[in-house]
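Taking it in order: structure first as structure tokens, then the write-up.
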Amino acid sequence: MADDPILSVRDLHVSFRTKRGLARVVRGLDYDLHAGETLAIVGESGSGKSVSTLAMTKLIPMPPGQVSGEVWLGDDDLVPLSEKHLLHYRGRRIGYVFQDPMTSLNPVHPIGRQLTEGMRYHLELSDEEIRERAIDLLQKVGIPSPEKRLDDYPHQFSGGMRQRVVIAIGLSCDPEVLVADEATTALDVTTQAQIVELIGRLQDELGMGVIWITHDLGVVAGIADRVLVMYAGQVVEAADVDALYARPRHPYTVGLMRSLPVLGDLERRDLASIPGLPPSPTALPEGCAFHPRCAFRDDDRCATEAPPLRDIGDGHLIRSFYEVPEEIAQEAAAEARIEIEPPDADDVGDAAAEVGSRSGRGGET
Amino acid sequence: MAGYVAKRVAQSLLALLGVSVVVFALIHLVPGDPVRTALGTRFDQELYEVLRARAGLDQPLVVQYFDWLFRALQGDLGVSFRTGQPVTEALMQRLPATALLAVSAVLVGLVIALPAGIISAVRQGKVSDYVANAFSQIGVSIPDFWYGILLILLFAQTLRWLPPFGYTSLLEDPVDGLQRLIMPALTTGVVTGAILTRFVRSSVLEAMNSEHVRFARAKGLPQRHVFRHHVLRNAWNPIVTITGLQLGTLLGGIVVVEVVFAWPGIGRLALTAVERRDYPVLQGAVLLIAAAFLIINLVVDLLYAKLDPRIRSS
Amino acid sequence: MSDDRPDQPPSDEPAEEPRQPSAEQPELERPEGEHRPQWRQTLAILLSNRAAAVGLVVLIVMVLTAVFADQLIRFPINEDNIANRFAPPSADHWFGTDDLGRDVYSRVVMGARVSLQVAAISVTISLVAGTLLGLIAGYRGGWLDTVTMRAVDVAFAFPAVLLAIALVAVFGPSLRNTMIAIGIVFTPIFARVVRGSVLSVREDLYIRAIRSLGASDGRIILRHVLPNVAAPVIVQTSLSLAFAILLEAALSFVGAGVQRPTPAWGLMLADAQRFIAQGWWLSVFPGMAIFVTVMAFNLMGDGLRDALDPRQRTLIEARGAGGGEDE
């Protein structure tokens, strides 16, 4: 990864004016993404992970939203660009895949039309070429006999198949960057694994950079090259994936790892989850934003002084005065890892059955 | 789709059957002898016998009902107690005026509601939104007949631009017909527009806030394209539905405006029938209006299904 | 369904209904799914809505006018004065005089009493009848439900004005029969609203649980179902009052409602149109009275809907909390 990054985000800030004051949702985000690289951005809902990627091409309501900083895509900074100019980047150079395939697709149009409408604007191709390309894309994402399905409507596809269509749309104009925003969250375990595998394969084939947004550290280990953990609009820990799982340092990262459900021991999730709620973006705490929920807080310094993001070597960054002790961190990472080993078909089946029966029983209590 | 159509048609037929029972019962709910009451001081034994027999009032109720229903299905709704005119004929004479007014009202309503509702949704919270909201709030609260009287006061009484009331067939005298249509159509149209504005606004807002619109924007499509194909196209279904329902309601609901403008429609026919206790005419008018309402509802639902691929293919 | 439920902690119970844990009905944790309105919060939201607050003030003025009409009128309402017909508004006759020389102001004031009385009584009729029908249909279900709802469908096939006219034709036109007719016309609306909310709470875990603990149907309906249907019924009541006033005025206007010489606003407008050339004040003031009253009820109804709709409430809270990615 010595080559120049295809995407560089520098000091990105996103805020919303609200009745209760300014909501600072993203507070100074920096990262690079290289061709063929997968960057995972991990955090709870409200951490700013999703907004930060939407704000790159101003896909947030503006006003009340405001964006500042720099977003370099190749030689272009997107932040100062007008809506009209941004159209050449959205979908064309940064493709998006959203969380819920049930709602991402417009129910009243056939999927072929939804797949091609972006290409018609962005690519200088004839109708015939666009159609061929659409069939080719559907084939790539694994939709059987695609030429017959172009005129089908979204409701005629299963959830997993719809998400494949959404991915095909995200890839339709050969973007340099693909943002997969909780792209597997709404799917069942088996389908999740398939979609993860699909995006990985397409990435190898097409060479784009992928930003994988998720709240699930379990998914990340198998697919990401580098991980950013976000909390309250800031990166709290960033590292190459192996380094992170070998030795997570930040109390929040460890907390997230410990709150993962572990196969065969789903009860753990409740026992070990992080106490409290993330702070409101209009009322961020003094000092370290995480200190009110932190189990490793040491002294008053955390409550008064905001820790800087510091490099502890090899590009491993943490935003904390204190690191989680080694044994605890490694134990948490090891447990988190159990689940994320690339599952073979049998395991996935068992997992699905397990989760299914658990939730079934859970409903009655 | 075929199953859905069959189900909706069956539902409508069932409701129509219920309507027919109610309409039939109407004449039997009247205390006393309806024919005697209707004839009043003009009582004549021979005429009385004929009208009673014609209305089938000597038969047992169930027989009367099926007899009446059977004849109604053949288009025979009996004769007027007052004039002896076949009820069907009287209704057909009045239908064009009512239909013209109802359709004009819906057109006026749409001309107002589509721009007002869309602008109000797009510029949510802005001045134009407040103006549109105020308009629809006023429109749904204003008594239409009062508003009609105010129009007469202004355009006929004071400015003398338009005739104060009356109806001329557009086929016979288009200019006079149109002049006489303006005020009644504005009266019902503005009220209809107020109701429709709310629906257009909420349908467009709902479509605008849907996730697929965000995804369409993420494809890099121009705002205009997104708005046309992913907002308006989706808002269209509820708008078509509610417009159709309004038309159905108007067919029977403009009684009062017909009175204000001396408009010779079905509503006024029904009202006159009430005053004269001419029950066959009242029954006929009510049956026609209710049937029209049910049929329009049915058509609207089927149209909705046609517009919505989710129902179409199921 | 889960997203339009209020995120209220169970402890935030309305003070009106203290819960008494007892042996036969053990304390159950009230689930988040309860649609029960939070009265104090509702009032606060309602009053923060400027339009609804204006509506409320206008309504209070109208009710006071109706109550103290005898003190507020300036002339006997049915006293003819042929010598002073069609007098324009003046210091004596604020709203002018009509075709019989009667004081329009006094008649409009007294008309408030007629209008509000008809609206209140007819809506009470439909509220009681419709709520009963809806409760029975929704709670019992089965064929009772089917029959009731098909009957409601049939009723909806008739336009309200026409149905009311037909009913008045059957009963004979009078103040009392007008109220009964409007009451009947509105009953199906309430039945449908109530049934809908009953259905949505009937299968709630919470209600299933207390039923399995042996609570009687009457107790369940009274203590648990009714409070949950209260919100939509209150909204519907306000909107129906608006519509009842319009409907009564329309019926009276066409002669199928309140009869002369009762000073009903609709009747006054009917006379005004006959004498439209003689004076604008005849039509303007009674019509304005109807318009303002109907508008006030509508504003209240809309405000109540917003205030009682849990989704709306969470929306307001979310907006207050400010953005985030889940907007």
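Each chain gets a letter, A, B and so on, in the order its sequence line appears, and its residues count up from 1.
Contacts of residues 265-273 of chain B with chain C at a heavy-atom distance below 4.5 Å involve B/Ala270, B/Leu271, listed in sequence order. For residues 7-14 of chain B, the interface with chain C (any heavy-atom pair closer than 4.5 Å) comprises B/Leu14, sorted by residue number.
The local environment of CZ in B/Phe135 is crowded, with over 12 non-hydrogen atoms from other residues, nucleotides or ligands closer than 6.0 Å. In the displayed structure, B/Glu206 atom CD is contacted under 6.0 Å by at most 12 heavy atoms of other residues, nucleotides or ligands. By the 6.0 Å contact criterion, CZ on B/Phe199 is open, its count of non-hydrogen atoms from other residues, nucleotides or ligands being 12 or less. For B/Arg82, the CZ atom is densely surrounded, since the number of other residues' heavy atoms within 6.0 Å is greater than 12. With a 6.0 Å radius and a threshold of 12 heavy atoms from other residues, nucleotides or ligands, C/Phe275 has its CZ atom above the threshold. For C/Arg260, the CZ atom is densely surrounded, since the number of other residues' heavy atoms within 6.0 Å is greater than 12.
Both the backbone and the side chain of B/Gln137 come within contact range of chain C, judged by heavy atoms closer than 4.5 Å. Contact annotation for C/Val168: neither backbone nor side-chain heavy atoms come within less than 4.5 Å of a heavy atom of chain B. Heavy-atom distances place the side chain of B/Tyr279, and not its backbone, under 4.5 Å from chain C. Neither the backbone nor the side chain of C/Ala242 comes within less than 4.5 Å of any heavy atom in chain B. Interface residue B/Val256: backbone and side-chain heavy atoms are both found under 4.5 Å from chain C. For B/Arg276, no part lies near chain C; criterion is any non-hydrogen pair under 4.5 Å. Contacts between B/Val21 and chain C at a heavy-atom distance below 4.5 Å are absent for every atom of the residue. Within the 4.5 angstrom heavy-atom criterion, no atom of C/Phe243 approaches chain B.
Here the CG atom belonging to C/Leu162 is positioned 7.0 Å from the CG atom belonging to B/Leu282, to the nearest 0.5 angstrom. We find the CZ-CG distance between C/Phe253 and B/Asp144 to be 9.5 Å, quoted to the nearest 0.5 Å. To the nearest 0.5 angstrom, B/Phe145 atom CZ is 11.5 Å from C/Ser283 atom OG.
Contact between C/Phe291 and B/Ile142 at its shortest, heavy atoms only, is CD1-CA, 3.6 Å. Across every non-hydrogen atom of B/Ile152 and C/Ile276, the tightest pair is CG2-CD1, 3.6 Å. Shortest non-hydrogen contact noted between C/Val254 and B/Glu275 is O-OE2, 3.9 Å. The nearest pair of heavy atoms linking C/Val154 to B/Ala15 is CG2-O, 3.7 Å. Closest non-hydrogen pair, B/Pro143 versus C/Gly287, comes out as CG-O, 4.4 Å. Counting all heavy atoms, side chain and backbone alike, C/Asn298 lies closest to B/Ser141 at ND2-OG, 3.0 Å.
Per-residue heavy-atom pair counts under 4.5 Å with chain B were compared for C/Val292, C/Leu167, C/Asp302, C/Leu251, and the maximum is reached by C/Asp302. Chain B forms the most heavy-atom pairs under 4.5 Å with one residue out of C/Pro159, C/Pro286, C/Ala270, C/Ala155, and that residue is C/Pro159. Between chain C and the residues B/Thr158, B/Asn209, B/Ile138, B/Leu294, the largest count of heavy-atom pairs under 4.5 Å involves B/Ile138. The most heavy-atom pairs under 4.5 Å with chain B, out of C/Leu163, C/Leu246, C/Asp153, come from C/Leu246. Put simply, of B/Leu150, B/Val259, B/Ile149, the one with the most heavy-atom pairs under 4.5 Å next to chain C is B/Ile149. The candidate from C/Gly266, C/Ala256, C/Gly172, C/Ala249 with the greatest count of non-hydrogen atom pairs under 4.5 Å with chain B is C/Ala249.
At distances below 3.5 Å, at least one donor-acceptor pair connects side-chain atoms of C/Gln273 with backbone N or O atoms of B/Val260. The backbone N or O of C/Leu269 sits nowhere less than 3.5 Å from a side-chain atom of B/Trp146 that would complete a donor-acceptor pair.
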